[in-house]
Amino acid sequence: MSDVFADLVGQDEAVVELRRAAAAAAAVLRAGAAALVAAGPVSGAEPTSTPGGVDPSTGMTHAWIFTGPPGSGRSVAARAFAAALQCVHGTGCGECPGCHTTMGGTNADVRMVVPEGLSIGVGEMRALVLRAASTPAGGRWQVVVIEDADRLTEAAGNALLKAIEEPPPRTVFLLCAPSTHPDDISVTIRSRCRVVPLRQPPATAVAEVLVRRDGIAPDVAQWAAAAAQGHVGRARRLARDPEARKRREAVLAVPRRLTGVGAAFDAASALIEAAEAEAEASVTEADTTERAALETALGAGGTGRGAAGAIRGAAGQLKELEKRQKSRATRAQRDALDRALVDLAGFYRDALTMALRAPVAPVHTDTAALAGAGAQKWDAEGSLRRLEAVLACRAAIEANVKPRIAVEAMMLALWKG
Ligand SMILES: [Zn+2]
């Protein structure tokens, strides 16, 4: 049982739907290329009657949106579905060349778009749409996976919409986004796509996959799965990386440290600086490698004829690279800070459920005693106010408030209650 859907944790309904669609897609290929074209712009929102026996509710469509909370496996699902579309058996067997190359990221007909910066620009999207219109080299489908489709700029969204409205016959777009809220995906794109909602996988399912696939000890897997709140990648990192565990412990020490105004500002600085350090560690290596590669390509150090002109051109390219790297660093910082805020929210959520005596397991078993003490001191109302302060901070940063200002406001709110 190791087909391409095996790593999609706790998403049984979505897997059933995707398997059915992959089978329908294979049937379309067998019937000849015309069938899916004849189905016209198939839309989940407004089912059309379809010649050729392609039922829009179970069959194949040109455009899909995978939604779900971070870590639920949106991109894992999209990649698995892409593999099933390239699978020679049409099932996502996990064994054939189509499955192998897609899962390994080397299939010529599958493009994964992973935005490194804060948004996906129109230039990138136009180039992508153009290439996606070509005939699939492997004779099956051209698949374009857009991770974080909520980061499309408006112009890029319009370029994509055009392609989705008049899809090339063998092209399939798979978008990933947190939700179908208009803030994440434009209403017009949404109306042209079938939506596959993923849920937050239960901790038991996450623990099971850590044990089975990553060989992690069951007790560690269970602790990490609960602490990561259903985020599979985060759970794996917590189980394996001592640095990640140390950072989490520092974040969870915050509630204890809030003893006054000064301490609240100190805690804010510590949180921001920790996020910056984590982000820097994650991008520095890539930055250095990219810069070295570009300098080599530009012939840095050349002294021959034409070197001066080359240097002028090189400066522009280096500037472009620096811009891209800066954007990536900003995003890495925000992601690191967001992870910390999610951990902190888990702590106050534990205090709230304890104050309410709700029969649910704590997110952070290792700080459960501390959360229990908080529950007694703050009661349900005070715990809820603190939880809301953390969530408000996340929302503010999402809405482009300067992280330091948002975090300082949050720490003061957590201290005052
Ligand atoms: Zn296969």
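We count ligands from 1, going down the list as the structure has it; atoms in each ligand are counted the same way. Numbers for residues simply follow the sequence, beginning at 1.
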Quiz prompt | Exercise: do R248 and H364 side chains pair donor with acceptor under 3.5 Å | solution = yes
Practice problem: Apply salt bridge (Lys or Arg N to Asp or Glu O under 4.0 Å) to D109 and list each qualifying residue two or more places apart in sequence or on a separate chain. | Solution: none
Practice problem: Determine which pairs satisfy ring pair (Phe, Tyr, Trp, His ring centres under 6.0 Å) with at least one residue from residues 326-348, sequence neighbours left out, and list them in order. | Solution: Y348-W378
Quiz item: Does a side chain donor of either Q142 or S134 reach within less than 3.5 Å of an acceptor in the other side chain?
Solution: yes
Quiz item: What protein atoms of element N, O or S are positioned under 2.8 Å from the Zn ion (ligand 1)?
Solution: C87 SG, C93 SG, C96 SG, C99 SG
Self-check item: Donor on one side chain, acceptor on other, T61 and R192, under 3.5 Å
Solution: no
Quiz prompt | Contacts of D183 that satisfy salt bridge (Lys or Arg N to Asp or Glu O under 4.0 Å) - sequence neighbours left out | solution = none
